[in-house]
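Quick caveat, the model's predicted, so the values are computed rather than measured. Start at 1 with the first residue, then count along the sequence.
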Amino acid sequence: MQINKGHIKLMIVLILVSGLFAFSSVRNAKRKVSEPEINFLGDDNLFITPQTVSKLLIQNNQSIANKPKEIIDLKYLETALNSNPLIKEAQVFMSVDGVITTEIEQKQPIARVNTNASYYIDTEGSYMPLSTNYSARVPMVTGNVLKNDLQNVYNIANKVYTDEFLKQHVVEIHQNEDKSIDVRFRLNDFVIKFGSLKKLDKKLNNLKAFYQKAYKDKTLDSYSTVNLKFDNQVICTKK
């Protein structure tokens, strides 16, 4: 029986390649990872520090640095990071040579509640704790506000956050017991009464028209209240 030398050579090559691949795979799995690289996306103002993120990047109560690649659970690390109430979204990657990189997107506050408890409301309308590392300059929310019922306050706070005129002027949002909303401006002494937030855009247009006229007439400091509760009119009370 004649043996095909070409086939034998091919089999030997395949065995050698398979062996080298298995060896390199085992060696790569045992490669130790380096200290994680932490990247923050977006705003430079850090509510959560790199040191805090590093403390969250642990497995079995130990740092992942200098641990074999094969034991690192990236999904577990992402879950740990995303459970932090200051983090909006986190992703964890590992390169072939054992470098772990984390990308952190922080929550963004749009208002600060100052009642029995103090905390932020973020851009999603969710609770966000205060940070010991950075304090955001956002409107204060006072009055009757519950942590598990933020939607009404969020609606007006988000409007302030996205409207340049309101963002420049509003410093306080007050929610009354009936959920009606009052607002105060930074440089003016009057209270702006929105009432309910129905037809909010129309009320805002009325407010801007009033403000421009009163500013031109130099009468802004003459009023104690500006009432927007009624359609098609602004009712002002003089001091």
*For residues E172 and V183, determine if any side-chain heavy atom of one lies less than 4.5 Å from a side-chain heavy atom of the other.*
no

*Compute whether any side-chain donor of one residue and acceptor of the other, for T52 and T49, lie under 3.5 angstrom apart.*
yes

*Are F190 and M140 co-members of a hydrophobic cluster defined by side-chain heavy atoms under 4.5 Å apart?*
no

*Check step by step if side-chain contact (heavy atoms from CB on, under 4.5 Å) holds for Q108 and D122.*
CA-CA 5 Å; Q108 181 65 43; D122 73 1; 5.8 Å; no

*Out of curiosity, L56 CG to I64 CD1, how far, rounded to the nearest 0.5 Å?*
11.0 Å

*Do M128 and L150 sit in the same hydrophobic cluster, where Ile, Leu, Val, Met, Phe, Trp and Tyr count as joined when their side-chain heavy atoms come under 4.5 Å apart?*
no

*Closest approach of P129 and L86, non-hydrogen atoms and distance?*
O-CD2, 3.4 Å

*Closest approach of L220 and A214, non-hydrogen atoms and distance?*
CD2-CB, 3.5 Å

*asked:* Under the criterion side-chain contact (heavy atoms from CB on, under 4.5 Å), I'd like the reasoning laid out for Y119 against R112: C-alpha separation, chi angles, the key distance, then a yes or no.
replied: CA-CA 6 Å; Y119 53 91; R112 176 173 175 167; over 6 Å; no

*Identify the heavy atoms of Y154 and T123 that sit nearest to each other, and give their distance.*
OH-O, 2.9 Å

_Can you tell whether the side chains of K238 and D221 come within less than 4.0 Å, N to carboxylate O?_
no

*Could you walk me through whether I100 and I72 pass side-chain contact (heavy atoms from CB on, under 4.5 Å), step by step?*
CA-CA 10 Å; I100 289 183; I72 303 300; 3.9 Å; yes

*Can a salt bridge be assigned to the pair K167 and D163 using a cut-off of 4.0 Å between side-chain N and carboxylate O?*
no

*Which residues share a ring pair (Phe, Tyr, Trp, His ring centres under 6.0 Å) with F210, sequence neighbours left out*: Y223

_From D189 atom CG to L187 atom CG, the distance as rounded to the nearest 0.5 Å_ = 11.0 Å

_Using side-chain heavy atoms (C-beta onward) and a distance below 4.5 Å, is H174 in contact with I181?_
no

_CA sep, side-chain torsions, deciding dist, call: E103, F40, side-chain contact (heavy atoms from CB on, under 4.5 Å)_ = CA-CA 6 Å; E103 291 186 350; F40 289 91; over 6 Å; no

_On a heavy-atom basis, which atom in V141 and which in A111 lie closest, and how many Å separate them?_
CG2-CB, 3.7 Å

_Rounded distance (nearest 0.5 Å) linking atom OG of S126 with atom CD1 of I121_ = 9.5 Å

*Under 3.5 Å, is there a donor-acceptor pair between the side chain of K107 and the main chain of P85?*
yes

*Following the transitive rule for hydrophobic clusters with a side-chain heavy-atom cut-off under 4.5 Å over Ile, Leu, Val, Met, Phe, Trp and Tyr, establish whether V138 and V145 coincide in one cluster.*
no

_Sole residue of I173, T142, V226, V191 in side-chain contact (heavy atoms from CB on, under 4.5 Å) with D182_ = V191

*How close do L81 and I87 get, heavy atom to heavy atom, and via which atoms?*
O-CD1, 3.3 Å

*asked:* We want to know whether T225 and N227 form a side-chain donor-acceptor pair, criterion being a heavy-atom distance below 3.5 angstrom.
replied: no

*Rounded distance [0.5 Å steps], NZ in K193 versus NZ in K229*: 5.5 Å

_Counting the benzene-type ring for Trp, do F185 and Y211 have ring centres under 6.0 Å apart?_
yes

_Testing the 3.5 Å rule here: is there a donor-acceptor pair between the side chains of N133 and S131?_
no

*Any Lys/Arg nitrogen of K88 or E124 sitting under 4.0 Å from an Asp/Glu carboxylate oxygen of the other?*
yes

*Between CE on residue M94 and CG on residue L74, distance to nearest 0.5 Å*: 4.5 Å

*For the hydrophobic clusters of this structure (ILVMFWY residues joined by side-chain heavy atoms under 4.5 Å, transitively), does one cluster hold both Y134 and I110?*
no

_If hydrophobic clusters are built by linking Ile, Leu, Val, Met, Phe, Trp and Tyr wherever their side-chain heavy atoms come under 4.5 Å apart, do F165 and I192 end up in the same one?_
yes

*Nearest atoms (heavy-atom pairs only) where N82 meets A90*: OD1-N, 2.8 Å

